[in-house]
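Down below is the structure, laid out as structure tokens.
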Amino acid sequence: MASDQERAVRIVAVLESAYPRAVTALSHRGAFQLLVAVVLSARTTDAQVNKVTPDLFRLYPTAQAMAQADPADLEKLVRHLGLFRVKARHLVEMSRELVRRYGGEVPGERAALESLPGVGHKTAGVVLGVFFGKPTLPVDTHVFRVIHRLGLSRAADPARVEEELCRIVPPESRMALHHRLIDHGRTVCLGRSPRCGDCRLARLCAYPAGNREGSGG
DNA sequence: ATCCCGAGGG
DNA sequence: CCCTCTGGAT
């Protein structure tokens, strides 16, 4: 029988071909701009974020610049993203902290990142993984749901799921997998009515009707 | 209508 | 632990 590791390898491979450009969407910038982009991405899509970042980074390319911004001006730029008021405030406060405590540089340690206004576990994890090469596998609702359906973890605590996944998935695959699981969760492995018929992971999944044991599980 | 690629606050 | 903040996508 296939081990969890072997199953994970198969799943990663299928996801790679299904979502070829998963990680690169946010990775082509410096640490500060990446951090800002990830903060902005809450409750939205990369496409929406990518619409505003050119203007945003032209006006505020660095922490120093953004630290002096009027939050009201930032709000106008991120108007079309959800939570825009909160984000604008967080971005300015975050930048001020960056300047005040880290010389305007983005720290590469989890505790320091998470101490920043607006930066929590998920944001810190992505920055750590994409920019600093300390790959984690942040578990949000999508990742949680997909992983559970795939049967790669049964843990109820997301932190526990993350722990188990990191044991199974090699560091160099984690961030890509993170992003691809999210893409997959949003487009195919939907929460309410998953489109198992369109799912390329159906063969490897414990969830779809075709693979279900029915009784005697 | 529903849900959400989160984090802060009570 | 539960609520709130938000618009956009589905």
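Below, chain A is the first sequence line, B the second, and so on; all start at residue 1. Computed from heavy atoms alone, side chains included, the values below leave out hydrogens, waters and symmetry copies.
Across all strands shown, A/H90 has heavy atoms under 4.0 Å from sugar-phosphate atoms exclusively, and none from any base. At a threshold of 4.0 angstrom between heavy atoms, the contacts of A/V143 with the nucleic acid are absent. A/G82 comes within 4.0 angstrom of a nucleotide base, judged by non-hydrogen atoms across all strands. As judged by a 4.0 angstrom heavy-atom cut-off over every strand, A/L181 is placed among residues making no nucleic acid contact. Counting any heavy atom pair closer than 4.0 Å across all strands shown, A/R186 reaches a base atom.
A side-chain N or O of A/R200 and one of A/S17 form a donor-acceptor pair less than 3.5 Å apart.
At a threshold of 4.5 Å between non-hydrogen side-chain atoms, the residues A/Y19 and A/V188 count as touching.
Regarding contacts with the backbone of C/dC5, every side-chain N or O of A/R85 stays at 4.0 angstrom or more from both OP1 and OP2.
When the P atom is used for both C/dC3 and B/dC3, the distance is 15 Å, rounded to whole Å. On the P atoms, B/dG8 is 24 Å away from C/dG8, given to the nearest whole Å. Taking the C1' atoms as reference points, B/dG9 lies 22 Å from C/dG7, given to the whole Å.
When distances are taken from the side chain of A/T123 to each of B/dA7, B/dC5, C/dT6, the shortest belongs to B/dA7. Candidate nucleotides C/dT6, C/dG8, B/dC5 were compared by shortest atom distance to the side chain of A/H179, and B/dC5 ranks first.
Using modelled atom types, no side-chain atom of A/E97 and backbone atom of A/E93 make a donor-acceptor pair closer than 3.5 Å.
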